[in-house]
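Keep in mind that the numbers below use all heavy atoms, side chains included, and drop hydrogens, waters and symmetry copies. Source: prediction; values computed, not measured. Lettering follows sequence order; numbering is per chain, from 1.
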2 protein chains.
Amino acid sequence: MVRVREFDKEKALDAAMQVFWEKGFEATSLTDLTMAMSIQRPSLYLAFGDKQQLFETALRKYTQWHAATIRTKLQSKPSVREAFRGFFSDLVEEEYAGAGTPGCFCINTMVELAPRDEKFEIITREHQTYLAVLFQETIERGIHTGELQQDISAKKLAQSLVVSLVGITVMMKARPERTFIDNAVAVTLSLL
Amino acid sequence: MVRVREFDKEKALDAAMQVFWEKGFEATSLTDLTMAMSIQRPSLYLAFGDKQQLFETALRKYTQWHAATIRTKLQSKPSVREAFRGFFSDLVEEEYAGAGTPGCFCINTMVELAPRDEKFEIITREHQTYLAVLFQETIERGIHTGELQQDISAKKLAQSLVVSLVGITVMMKARPERTFIDNAVAVTLSLL
DNA sequence: AGTATAATATACTATACGGTACAATAAGGG
DNA sequence: CCCTTATTGTACCGTATAGTATATTATACT
């Protein structure tokens, strides 16, 4: 290395992640990216490869961050029921508080790219599968502490909760009346 | 009308619907459309307006067809539990039978366009809201016949089922192991 | 039959896209 | 202090895009 990079690669990647998260792959142009990242086009290609490689790198960073966030939230409360309740409540609250969030980058990618690119089908599937494991471990914790009934299937329930999470996240993009989502969350939590 | 249109407008619209359904709005080019519709570009603009207007028309046709399909399926069996079981089973079976379906056009649009265009936010919201009504009426039928318990909230349960439907449809795009989806469906149906 | 009018086909526009060639620049090693 | 080498800025490339001008064709009405 004879000349040092002038920009922070991780900060630039975060900026790219934000743009892809909000707009998706197709609707994001290289101009959108270079503006958000505050770098020139050749610097982008040198540091991250082409548009799709940059997207993949951004998505992988997102899934890691997302999994860590969820893991922390689920472990934040001793009561498993309270942990799930808090998790879903925050999700809904964040969406209805302001002008709306870009939802989940991974879910957006599942819809836009997974059907036509196996690479993204795999990345998104593995992430959702991992979330199911996180949910399952949390439910098993509740069973061990006696908070939850012993006869429930932690795995099946966890997978069902992931499906509900996906459904809620996507439904909120249409901004239905809040009671719609609150009711769905309440019914989902009644499974615990 | 002095010269008659040479193509079948409804057939052309169906072809456009199929393309938008599979590829989404951004990834569909006018060339994709005119080839699928077997018409020339000026004919498209004359008959359907620009790309976005055509997309909207196609989406509205889809939601009407989709609602009618679901209504029929739910009314096809005297048992409400059997009706829902059949509905979700068919949904999963169709996806895992072959190479995969394009999912739900309305859900795809919720993810791609609803966050950045209020028009599509409204269209998709109204469709999902209508599906919840269809589900609710079906559940109420089950309560009246005595098949389902009287103390359940048909509305809340229906809204939760719609969320599960959305979640399952989106999750399947990542093609997880079939047991994942089957388990989620089983847990969802256990609410009835 | 001739004419008005709408649908068609060809060809074109202006623009935006992803990606890159090339020259200028800046730092570390000898 | 020069020379090597990686990064940067500018300017560009070919292509694909959405949309349209124009001329031609075909029908229904007078």
Side-chain angles (χ1 to χ4, degrees), chain A residues 1-60 105 108-109 112-113 116-120, chain B residues 1-60 105 108-109 112-113 116-120:
Chain A
M1 277 197 283
V2 286
R3 178 178 177 175
V4 71
R5 206 197 311 276
E6 292 179 4
F7 62 92
D8 182 329
K9 197 172 173 183
E10 284 307 310
K11 276 198 161 49
L13 180 56
D14 286 340
M17 182 179 92
Q18 203 68 38
V19 178
F20 279 132
W21 188 354
E22 283 168 17
K23 309 184 69 166
F25 181 78
E26 291 287 346
T28 297
S29 70
L30 279 178
T31 304
D32 292 331
L33 289 168
T34 53
M35 283 180 62
M37 300 165 85
S38 301
I39 61 176
Q40 302 298 331
R41 219 170 261 231
S43 300
L44 187 156
Y45 278 84
L46 195 66
F48 300 104
D50 66 15
K51 189 187 175 189
Q52 180 168 317
Q53 290 175 290
L54 173 57
F55 184 92
E56 183 186 339
T57 306
L59 178 60
R60 298 199 117 103
F105 186 15
N108 297 349
T109 304
E112 186 185 7
L113 300 183
R116 63 181 164 96
D117 191 325
E118 199 187 359
K119 174 182 291 176
F120 295 108
Chain B
M1 277 199 286
V2 287
R3 177 179 178 177
V4 72
R5 203 194 315 271
E6 293 179 3
F7 63 92
D8 183 328
K9 196 172 174 181
E10 285 306 312
K11 276 198 162 50
L13 181 55
D14 286 341
M17 184 180 90
Q18 204 66 37
V19 178
F20 279 133
W21 188 354
E22 284 168 16
K23 309 184 67 165
F25 180 78
E26 292 286 346
T28 298
S29 70
L30 278 176
T31 303
D32 293 331
L33 290 168
T34 53
M35 283 180 61
M37 300 165 84
S38 300
I39 62 175
Q40 302 298 330
R41 217 167 263 230
S43 300
L44 188 155
Y45 278 85
L46 194 67
F48 301 103
D50 65 15
K51 189 185 174 188
Q52 181 169 318
Q53 289 175 291
L54 173 57
F55 184 92
E56 182 185 340
T57 305
L59 178 60
R60 299 199 116 103
F105 186 15
N108 297 350
T109 305
E112 186 183 7
L113 300 182
R116 62 182 165 98
D117 191 324
E118 197 186 0
K119 173 182 293 176
F120 294 109

Give the rounded distance in Å between these two atoms: [atom1] of [X] and [atom2] of [N].
X	N	atom1	atom2	value
B:Met37	C:dA7	CE	P	14 Å
B:Leu44	C:dA7	CG	C1'	13 Å
A:Met35	C:dC17	CE	P	11 Å
A:Leu33	C:dC17	CG	C1'	12 Å
A:Gln53	C:dG18	CD	P	15 Å
B:Arg5	D:dT27	CZ	P	14 Å
A:Leu46	C:dA21	CG	P	13 Å
A:Phe55	C:dG18	CZ	C1'	16 Å

**Item:** Candidate pair A:Arg116 and A:Leu113, rule side chain to side chain contact (heavy atoms under 4.5 Å, CB included), full reasoning
**Value:** CA-CA 6 Å; A:Arg116 63 181 164 96; A:Leu113 300 183; 3.5 Å; yes

Using every non-hydrogen atom in the two residues, find where [X] and [Y] come nearest and quote the distance to one decimal.
X	Y	answer
B:Glu26	B:Lys51	O-NZ, 3.9 Å
A:Asp32	A:Ala27	OD2-O, 3.7 Å
B:Thr34	B:Gln40	CG2-C, 4.1 Å

**Item:** Within 45° cone and under 6.0 Å: B:Arg41 NZ/CZ vs B:Tyr45 ring
**Value:**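 Relative to the ring axis of B:Tyr45, which defines the angle, B:Arg41 lies outside at least one limit.
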
**Request:** State whether A:Phe48 and A:Lys9 meet the cation-pi test: NZ (Lys) or CZ (Arg) under 6.0 Å from the six-membered ring centroid, and within 45° of the perpendicular axis.
**Result:**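 Verdict for A:Phe48: a cation-pi partner in A:Lys9.
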
**Asked** Under a cut-off of 3.5 Å for both distances of each Watson-Crick or G-U pair, what dot-bracket string does DNA chain D give, using [ ] for crossing pairs and | for inter-strand pairs?
**Response** ||||||||||||||||||||||||||||||

**Message:** I'd like to compare against my own output: the B/S/- annotation of nucleotides 13-26 of chain D with a strict under-4.0 Å heavy-atom distance to protein.
**Reply:** ----SBBBB---BB

**Asked** Any sub-3.5 Å donor-acceptor pair from A:Asp14's side-chain atoms to A:Lys11's backbone N or O?
**Response**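 Flag not set: sc A:Asp14 to bb A:Lys11 has no pair under 3.5 Å.
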
**Prompt:** Do the side chain of B:Glu112 and the main chain of B:Phe25 share a donor and acceptor less than 3.5 angstrom apart?
**Reply:**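 Answer holds: yes.
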
**Prompt:** Do the ring planes of A:Phe55 and A:Phe105 sit parallel (below 30°), tilted (30 to 60°) or perpendicular (above 60°)?
**Reply:**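 A:Phe55 and A:Phe105: perpendicular rings.
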
**Request:** For DNA chain C, determine which residues of residues 12-23 of chain B have any heavy atom closer than 4.0 angstrom to one of its atoms, and list them numerically.
**Result:**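 Heavy-atom cutoff 4.0 Å gives no residues at all.
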
**Request:** Output yes when at least one side-chain N/O atom of B:Ser43 is less than 4.0 Å from OP1 or OP2 of C:dT8, else no.
**Result:**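 The answer is yes; a side-chain N or O of B:Ser43 sits under 4.0 Å from OP1 or OP2.
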
**Asked** Would you say D:dG9 has OP1 or OP2 under 4.0 Å from some side-chain N or O of A:Gln40?
**Response**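 For D:dG9, OP1 or OP2 has a side-chain N or O of A:Gln40 closer than 4.0 Å.
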
**Prompt:** Is there a side chain to side chain contact (heavy atoms under 4.5 Å, CB included) between A:Leu54 and A:Phe20 once you walk through the steps?
**Reply:** CA-CA 10 Å; A:Leu54 173 57; A:Phe20 279 132; 3.9 Å; yes

**Asked** Atom OG1 of A:Thr109 and atom NZ of A:Lys119: how far apart are they, to the nearest 0.5 Å?
**Response**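 Those atoms lie 13.0 Å apart.
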
